[in-house]
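All of these numbers come straight from a predicted model, not from anything done at the bench. In what follows, chains carry the letters A, B, and so on, assigned in the order in which the sequence lines appear, proteins first and then strands, with residues in each chain numbered from 1.
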Amino acid sequence: MSRSETRQAIERSDASGDPIAEVDRLLLDRARLGLRLILAGVAIVFAGWIAMHRGERPLISVVHVLNMLVVAGALRLLHDPARWTFNHVVGFVAYAVTIVATGVEGILAGDATTPLLILVGMAVISATMVPWSPWWQLASVIVTITTAVLTVATVVGSPRLFWLQNVGAIAPTLVATVFMSHALNRQRAAVARADRERRSREEGLREANRKLEREIEEHRKTEAALRFAVLELDHRVKNTLAVVQSVAEHTLRSSVSMREFGAAFSGRIQALARIHTALAGRRWKGLPLTDLIELVVGPYRHHAGSVSIDCNGILVSSELVRVLGMVLHELATNAAKYGALSNERGHVTVSSRVDGEGAPRLRISWSESDGPCVNEPTRRGFGMRLIEEAIAYEVEGRVTLLFPVQGLHCELEIPIPPP
Amino acid sequence: MTAGSQGDTRVLIVEDSFVVADTLRYLIDGSGGFVSVIVPTIEKAFEALAADAFDIAVLDVNLGGTSIVPFAQHLHARGVPFVFLTGYGDDKLLPEPLRIHPLFTKPVETEPLVRTLRALTARRPRA
């Protein structure tokens, strides 16, 4: 089942309403119908009594009127289906009063006809008050009518046992009423239990649905992040290949022999690879400047004293690392070919500092000494151009390249963007 | 490589990596008849366009996270021909009207790129 189908199912079951209220409303309707039938029955008997025995035994008329008043009052009280216990009590009282009144009338009248009529009417009424099982209704009708017929038959045979008629009229009906009330309560409790269970199942279903939605949402996010990562990776690979292609072109252009090309090209690619590895190792969160210099200049050392680095804890962002790494690599290869790293005695000092309050700038000083005598090159190769132009081009920095006779000196000045 | 002469086609290359931009300039200019200017950002591209007239442009789609699209739309509106370079290998990032412009995937092959630049500028009268 899909998510939307599940949700629709839950909404449908919500819309079907509260089954307990449904039961209560039904019961109230039945009770009111029953009381109206009682009222009608009593009224007909009363009318018959008045017609046939005008002026006789006025006490019977009083009992009739009282009985009708009680039933009519009960009808007025029964209107709110939610007042389950109250309705029950009112209905029961009206019912019991009618039965007692019937008995009293029988005693006062001294005949069996009136109670018999009312008894049959009550059997029908009690049947209508049990909305649940048609078998219950049928049994109720049969039991009550049979009891009444048996009672009357007994009384007709022996007029002195008249009191038995009243007992016979009252007792079975009263017992039936108690049983019906009990059955109704059990039914109602069963419905309430079923309803609680349904609600709890629905809540479970809803919770499962919410969990599923959360999981789908998470999955969607992960998928989007992954797709982005793949796209980004593709982008970086293609860009890296473009850089490799460019490095190859330039190296080819400035190399005199294949041997020279091979050495220079592989040196540049290895520098790129080492920088990439270091950056990836730190999850692209930049690189300490000391580490970067060590990475690109390290391979050109003759001994521990060839290069000294003094860059106290400056961190370089991964955007800057790529261009700065390439520039430092070109300075190192240049030193290895022509400068201080071309012999054992030569020495390179790299130092750096950050200055400028409002707009901080990273200054890196590359100073060569004790190498061969230096002459300013007449022709600028790719490496030199890279040193001089790349930083200005990519990060708007400034590069000063000096060729004093004791050794090359390079000053890099790079603006640090605000974080 | 010869320095640009009067009749050369002026090319504006917008590419954030110096090494790649410098190589493009070297390859395009080296094929003869072109003189290129390289700029790394979209702001510098607008500045260059304000300072000089260009016959054609070569545009990297993604300039270190910034999209070239506003500049491309500017050129498109002014009728200046251009080609795209992309690392993504597709033109999904470009709005529909800009997709009529040729797109080259990095790393770029020089021969087809230069041929396209010549074809696009041959049809235009010199400004």
Chain A contact via B/L24 - side chain, backbone, both or neither, heavy atoms under 4.5 Å: neither
A/H347 and A/S308 side chains, donor-acceptor separation under 3.5 Å: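 Distance-only check passes for A/S308 and A/H347.
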Any donor-acceptor N or O pair under 3.5 Å, side chains A/H219, A/E217: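 Side chains of A/H219 and A/E217: no pair found under 3.5 Å.
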Chain B contact via A/E396 - which portion, at a heavy-atom distance below 4.5 Å: side chain
Atom group of A/R322 that falls short of 4.5 Å from chain B, counting heavy atoms: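 Contact with chain B is absent: no heavy atom of A/R322 under 4.5 Å.
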Ion pair A/R268/A/E330, N-O distance below 4.0 Å: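 Looking at A/R268 and A/E330, the cut-off is met.
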Between B/F84 and B/F104, ring centroids under 6.0 Å: no
